[in-house]
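All remarks here apply to the structure that follows.
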Amino acid sequence: TASSIASTGNIQDAFATSNKATNSLSLSATSLTGDGAVVNSQNSDAQVSSLIGATGASAGLVGSNAGSIVDFGSTVSGSSVAVTGNMVRGSAISNVGNNTLTVAATTLTGDGTTDQAVADSDSTTTKADFSLGNSQKLDSSATSNTQVYATFGLDQELDQSVSNSQIAVSNNVQFGEALGNSANNKVQLTALGAGASGTDPTAALNNVQSGSSANIDSKSEMTLYSNIASSGSSIAINGNNNTALAAVNNANNTIGVSGTAVDGSTSAAAVSVTDGTTTADYALNSKQTAGGTLDSTAKTTAYNIEKSDTTTTGILNGSATMSKNSTTAEAS
């Protein structure tokens, strides 16, 4: 009575990863002549799984296992109850690579060769003054499986009432992802001047990801409810988000070059589709192959009833809203 109850900002995570690497090379000088490289190679044949909650769990406090539920055994009057801003996440990934090469100098010069940068995805070869290569592969037995089952809501015993109160089950987030290969690759060159000795620097980024017989599955089932009979009260089940994401290959590749004057060689840039080769002063190449099975499923159930009691009046002189909830399933 005349009280405030809040279950807010709680987080539940279950992360499973086969191979995970963060590789960073940073070069800094007033005058820099030379070369540098970052190489990441990952191969997984593991069965990676992540589970939060219970499969097919019934709504309500008992059996929900994950999420956030406020449970009342008696009446509620003149009070506010909030189940808001909670998060449940599950993630299963075979190969994860975060690779960064940064070079900063007042004057930046190549290592004396005049060759352009080469990124050859078929042979996973990367050649340049400054090069970054990422290679990720899933073998025949590699799997990534994520299942997330969570409930957010308010539970009350039968034949009990809520009066003159504000109920909110809002802005809760549920996320399940299953990934085979995932990479963030970045090369950044920064200089005021380049090629002081007549040799301009080159840079190459090469990303190769293969999942020819992948088995990737992501499932996220979310339940939202206020299991009450109410009078003179407002009930809001709004702005909740449920997402299931599954991907065989996922990559973000970036080359950044900044300077007062950035010159290049006289040779033209070239891309060869047949052998997967990219040639330029600043070359970026990404090759991805995928096969096998890929599934993503998202389901949201939302309701406001005293579910098992047919004798109650439901909502009297009050309001209930269910708006701006989102459910997304993506498989790529």
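Hydrogens, waters and symmetry mates are skipped; everything else that's a heavy atom, side chains included, is used.
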Q) Any donor and acceptor pair, going by atom type alone, linking the side chain of Ser233 with main-chain N or O of Asn164 inside 3.5 Å? A)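 Pair found, side chain donor or acceptor close to backbone of Asn164.
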Q: Check whether any side-chain N or O of Thr84 sits under 3.5 Å from a backbone N or O of Val169 as a donor-acceptor pair, and report yes or no.
A: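 Checking the backbone N and O of Val169 against the side chain of Thr84, no donor-acceptor pair under 3.5 Å is found.
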Is the shortest heavy-atom distance from the side chain of [X] to the side chain of [Y] under 4.5 Å?
{"X": "Thr289", "Y": "Ser210", "value": "yes"}
{"X": "Asp13", "Y": "Phe175", "value": "no"}
{"X": "Ile11", "Y": "Arg89", "value": "yes"}

Output the distance between atom [atom1] ([X]) and atom [atom2] ([Y]), rounded to the nearest 0.5 Å.
{"X": "Asp71", "Y": "Gln156", "atom1": "CG", "atom2": "CD", "answer": "9.0 Å"}
{"X": "Asp129", "Y": "Thr202", "atom1": "CG", "atom2": "OG1", "answer": "3.5 Å"}
{"X": "Ser131", "Y": "Asp35", "atom1": "OG", "atom2": "CG", "answer": "8.0 Å"}
{"X": "Asn145", "Y": "Asn215", "atom1": "CG", "atom2": "CG", "answer": "8.0 Å"}
{"X": "Ile237", "Y": "Tyr303", "atom1": "CD1", "atom2": "OH", "answer": "9.0 Å"}
{"X": "Ser182", "Y": "Asn98", "atom1": "OG", "atom2": "CG", "answer": "7.5 Å"}

Is it the case that [X] and [Y] place a side-chain donor and acceptor less than 3.5 Å from each other?
{"X": "Asn304", "Y": "Ser226", "value": "yes"}
{"X": "Thr243", "Y": "Asn241", "value": "yes"}
{"X": "Ser135", "Y": "Ser41", "value": "no"}
{"X": "Asn95", "Y": "Ser44", "value": "no"}

Q | Residue that, paired with Ser220, satisfies side-chain hydrogen bond (donor to acceptor under 3.5 Å, both in side chains) out of Glu177, Gln147, Gln174, Lys299 | A |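 In the set Glu177, Gln147, Gln174, Lys299, the residue that makes a side-chain hydrogen bond (donor to acceptor under 3.5 Å, both in side chains) with Ser220 is Gln174.
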Q. Excluding sequence neighbours, so at least two apart, what forms salt bridge (charged side-chain N to carboxylate O under 4.0 Å, His left out) with Asp295?
A.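 Once residues adjacent in sequence are excluded, Asp295 has no partner under the salt bridge (charged side-chain N to carboxylate O under 4.0 Å, His left out) criterion.
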Q. Any chance CD of Gln12 has more than 12 other-residue heavy atoms, nucleotides or ligands included, within less than 6.0 Å?
A.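 Yes, because the 6.0 Å sphere around CD of Gln12 holds more than 12 heavy atoms from other groups.
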Q) Looking only at heavy atoms, what is the nearest atom pair of Ser170 and Ala236, with distance? A)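 The answer is OG-O, 3.4 Å.
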Q: Measure across Gly176 and Ser218 and return the closest heavy-atom pair with its distance rounded to 0.1 Å.
A: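 In terms of heavy atoms, the two residues are closest at O-OG, 2.9 Å.
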Q.
Suppose we screen for side-chain contact (heavy atoms from CB on, under 4.5 Å). Which residues come up paired with Ser31, at least two apart in sequence or across chains?
A.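 Partners of Ser31 under the side-chain contact (heavy atoms from CB on, under 4.5 Å) test: Thr107.
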